[in-house]
Novice: 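Structure in C-alpha cells, see below.
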Amino acid sequence: SGLITLDVGFKNTGSTTSNVTFLDGEKGILRHRGYSIEDLAEKSSFLEVAYLLIYGELPDAQTFENWSSRIMKHSLVHEDIRKIFDGFPSTAHPMGVLSSLVTSLTAFHPESIDPNRDSAAIDLTIVRLLAKLPTLAAWSFKNSQGLPLEYPNAKNDYVSNFMQMMFKNKHMDYDVDPVIMDAMNKLLILHADHEQNCSAATVRVVGSSLSSLYVAVSAGINALWGSLHGGANQAVIEMLETIQADGGNIDKFIAKAKDKNDPFRLMGFGHRVYKNFDPRSRIIKKAADDILDRLGVNDPLLDIAKKLEDIALTDPYFVEKKLYPNVDFYSGIIYKALGFPTEMFTVLFALGRLPGWIAQWKESREMVQPISRPRQVYTGETHRAYPEDRTVA
Ligand code: CMC
C-alpha cells in the first residue's frame, strides 16, 4: 500500500519518544536522564544508576539504602528453581538457561502476569528481577561447571554478592578486590541502557501486548544473545582466538572482513548509531588497561586485539564506513582477565542492561503505548487458483 513507509531494520524510524537515554551518534554523546556516562561511570555505583534509569532521579542516601537493602533481601530464588537447573545439560549456553529461568519466574511470582497489576506489584517485580538475575546468572555458570550452587548473601553489596556467587565455593574463598569491584561496577554501568537498541525495542514490543515484565525481559535476553548485539562480546574473544590459532595473521582477517563475498565481519567493530566513536569504548579501554596492569595480566590475545585495532583504525575501508571499536571489543578482554569463561560474557551484558530494559518497559507502560504491530509491503504471489486436480498425498 502506498501509505506504508518501508524501513527494514528501522534504520530511520523512531518508535517512541523517551526521557530515559540521550544518544548523539555523530558527537559520541551518551547521557542517562541527563547525566553523562563519563560522570556516572566515574562517580556512581551500578545500583544507583539502575535507580536513576528506572525512577528518573539519583537516589538520596536514605532512598538508596532502602532500595539496595530491598533488592538484596529478594536475592534468593525459590528452591524449586534448582530442579529446573537439573533438567539442563551442563553444556547448555547460560544465555538460554537465563532467559528460560527468567520466564519461569512468572510461575513463582504470578503478581506480574495480572494485566491489572498495581504500581506496588510492578515495583515488586522490578526489585525481584534486579535481585534474582545475578543469582540465576551465577547459578547458570556453576551448573555448566558441575559445581555446587552458591547462595546469595544479603549482607554483601550487589556486585560483590554476584562475584562471590560466581567464584566462591566450599573449599575456596573469594577475596573481594576493590579494584575488581570498581571495574565490575563500571562495566555494568556502561551497559546499563542504550535507548532503542534491539533488545530494549524487543522488551517494549513484548510489553506492549501487556504480558508480564518477566517475559518481556526474557525476550530482551534472547534478543541480546545474538552475535550482532550483545553476543558480540563472546564473538570478539572467539575471533581473537581464531586469529591466534591461525598464527596471528591479522591482515588475512581484515581482508576477509572487507570481502563482500565473505560473511565474516570484524566482531566488536561498527555500530548502528555511533558513526564517530563509542564513548563507552573510551572508558572501557582505559578500564581494561588499568585492570590488566593491576592484575599483571599478560595475555597474547591482547596484543592481537591492539594490532587489530591499529590496522582497522587506519584502513580506508573501516575509516570510510566509520567503523570504530564498540563496547564489546574491550569488555571481553576485561571479563577474561577477571576469570569469567567466554560463555558468560553476554550474561554479564544482560546483568548490566537489565535496568535499561526495566526503564524502557516502565516508560512504555506509563505512556500507555498501543500494541506494537508493524506493517509490511507484500511481495509474494498475488491470488492463485487452487489446482482442482490436486490430490493430497
Ligand atoms: N566488519 C566488516 N564490515 C562491516 C562491519 C564489520 N564489523 N560492520 C559493518 N560493516 C560494513 C557492512 O558490510 C556495510 O557495508 P556496505 O555498506 O558496503 O554494505 C556497512 O559497513 C554498514 O553496515 P551495516 O550492517 O549496514 O550497519 P548496521 O547499522 O546494520 O550494523 C552492526 C551495525 C553493529 C550490526 C555492524 O556494524 C556489525 O555487524 N558489527 C559487528 C558485530 C558487533 O560488534 N556488534 C556489537 C554492536 S555494539 C553494542 C551491542 O549491541 O552489543
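First listed ligand is number 1; within each ligand, the first listed atom is number 1. Both backbone and side-chain heavy atoms feed into the values below; hydrogens, waters and symmetry mates do not. In this chain, numbering begins with 1 at the start of the sequence shown.
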Novice: Could you tell me whether Glu363 and Arg204 have a side-chain N and a carboxylate O separated by less than 4.0 Å?
Specialist: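 Arg204 and Glu363: salt-bridged.
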
Novice: Classify the side-chain pair Thr103/Ser218 by whether it contains a donor and acceptor separated by less than 3.5 Å.
Specialist: yes

Novice: For His229 and Phe349, take the angle between the two ring planes, folded into 0 to 90°, and tell me which bin it lands in: parallel under 30, tilted 30 to 60, perpendicular over 60.
Specialist: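 Perpendicular: the ring planes of His229 and Phe349 meet at over 60°.
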
Novice: Distance under 4.0 Å, heavy atoms only, partner ligand 1: which residues pass?
Specialist: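 Those residues closer than 4.0 Å to ligand 1 by some heavy atom are Lys11, Ser227, Leu228, His229, Gly230, Ala232, Ala257, Lys260, Arg265, Leu266, Met267, Gly268, Phe269, Gly270, His271, Arg272, Tyr317, Lys321, Leu323, Asn326, Asp328, Phe349.
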
Novice: Between Arg282 and Glu38, is there a salt bridge with N-O shorter than 4.0 Å?
Specialist: no

Novice: Who else is in Ile29's hydrophobic cluster (ILVMFWY, side-chain heavy atoms under 4.5 Å, direct or via others)?
Specialist: Phe22

Novice: Hey, is Glu381 close enough to Arg384 for a salt bridge, meaning N to O under 4.0 Å?
Specialist: yes

